[in-house]
Amino acid sequence: MNYQIKKITIIIFTTLFLNACVTGGKDVISSAKEKVFNSASDDSNNVGLNLEVDNIEEKKQENVKISEHRNLNIIIPTFDPGIENNEKVFQELRNFEARRFAVKLKLALENTNRVGAVRVTPNTSASGQIYVLGQIKESNGYKVKIKVKVIDASGKKILDKDFSEKIDSSHYNNARTKNIDAYNPLFEEAALKIIEKIEKLNSKKISDLINISNLRFGAEFSPESFDEYLKRRNNKFSLKALPSEDDPMWQRVNSIMIREQLFIDSLQSHYDKFANISNQSYVLWQSQSYNEI
């Protein structure tokens, strides 16, 4: 009986779909014919693709702007778990969340498709142009609160903001969302705010940040070779000059920097796998903790 009903339903939907396609196709062809033959009386001879030069130029400028910001490498060290002098916090869970939250923010930034390379690292020692530092203020399945600081390679703070989210019971009761991390909207909000700040950087600032980051990396290996190119004051850096591209020490440092980035890239699959494997258990903890509260 069920099989016959299913078969009849498929036949009905197939028939309706084909009729819609035929009817829609006829309408499209008729409309196209009218446009072609009626245009004979039109002096504009408006045939072919309708290209608007102004729109193309605007899109080109927009793409250039986006590509510039994508040259910036974003580093997200594991979050500060916020367990210092807090006896109410389960330390092992918070240490776990410190890594998970960094990965979730990385994924939220990548999903916007408006940034370049985003990497999670154990600490702030990795080279990059933008550093996103997070701290967990509260997390119990009912409410989550994090503090996010964004600091560029010159030492300038470009964002310092708290983000919080209260979870509605409907999230855990809805079959469509109960198996999804309830904190996702929080990371999406934080990611958009970070991007908003990054996209305000002009071309010169982007270029300076890349050079400062590279010189700071070089100075870690050979201070006598690269310190002269940087001005440092109160943990803030600015450019004084740039080394020659033919400088053998500069070329050597660049090759080391590429290897470091490849190593950090290799870590990303481990962080992503860690978050994916733990997802089911963590979502279950969120709902159980919510019920307890």
Carboxylate-amine/guanidinium contact Lys106 Glu110, below 4.0 Å: yes
field: For Ala126 against Tyr131, the heavy-atom pair lying closest together
entry: O-OH, 2.6 Å
query: Do the side chain of Ser278 and the main chain of Ala275 share a donor and acceptor less than 3.5 angstrom apart?
result: yes
field: Leu159 reachable from Ile75 in the ILVMFWY side-chain graph, under 4.5 Å edges
entry: no
query: Are Phe90 and Tyr290 grouped together when hydrophobic residues (ILVMFWY) are joined by side-chain heavy atoms under 4.5 angstrom apart?
result: yes
- prompt: Counting distance only, does the side-chain N/O of Arg216 pair as donor-acceptor with the main-chain N or O of Ala153 below 3.5 Å?
  reply: yes
- prompt: Under a 4.0 Å N-O cut-off, is there an ion pair linking Lys147 with Asp160?
  reply: yes
query: Is any side-chain N of the basic residue among Arg232 and Asp227 closer than 4.0 Å to the acidic one's carboxylate O?
result: no
field: Ser213 (side chain) donor-acceptor with Gly128 (main chain) under 3.5 angstrom
entry: yes
message: Tell me if the centroids of the rings in Phe163 and Phe187 come within less than 6.0 Å of each other.
response: no
task: Could you state whether Phe217 and Ile130 fall into the same hydrophobic cluster, counting links through intermediate Ile, Leu, Val, Met, Phe, Trp or Tyr residues with side-chain heavy atoms under 4.5 angstrom apart?
output: no
task: Run the ring-centre check on Phe96 versus Phe274 and record whether the distance is less than 6.0 Å.
output: yes
Check: Thr112 side chain, Leu109 main-chain N or O, donor-acceptor pair, under 3.5 Å: yes
- request: Would you mind telling me which of Arg99, Arg100, Arg94 makes a salt bridge (Lys or Arg N to Asp or Glu O under 4.0 Å) with Glu97?
  value: Arg94
task: Taking Gln251 for its side chain and Glu245 for its backbone only, find out whether a donor-acceptor pair lies under 3.5 Å.
output: yes
message: Taking side-chain contact (heavy atoms from CB on, under 4.5 Å) as the criterion, tell me which of Leu239, Leu201, Asn73 meets it with Leu209.
response: Leu201
message: Checking the side chain of His171 only, and the main-chain atoms of Ser287 only, is there a donor and an acceptor separated by less than 3.5 Å?
response: no
message: Tell me whether Glu292 contacts the main-chain N or O of Gln288 through its side chain, where contact means a donor paired with an acceptor under 3.5 Å.
response: no
Ser269 (side chain) donor-acceptor with Ser266 (main chain) under 3.5 angstrom: yes
- prompt: Is the Tyr183 ring parallel, tilted or perpendicular to the Phe101 ring (thresholds 30°, 60°)?
  reply: perpendicular
- request: Please answer whether the main-chain N or O of Gln286 pairs with a side-chain N or O of Ser289 as donor and acceptor at a distance below 3.5 Å.
  value: no
query: Do the side chain of Ser154 and the main chain of Lys236 share a donor and acceptor less than 3.5 angstrom apart?
result: no
- prompt: Between atom CZ of Arg114 and atom CD of Glu196, what is the distance when rounded to the nearest 0.5 Å?
  reply: 8.5 Å
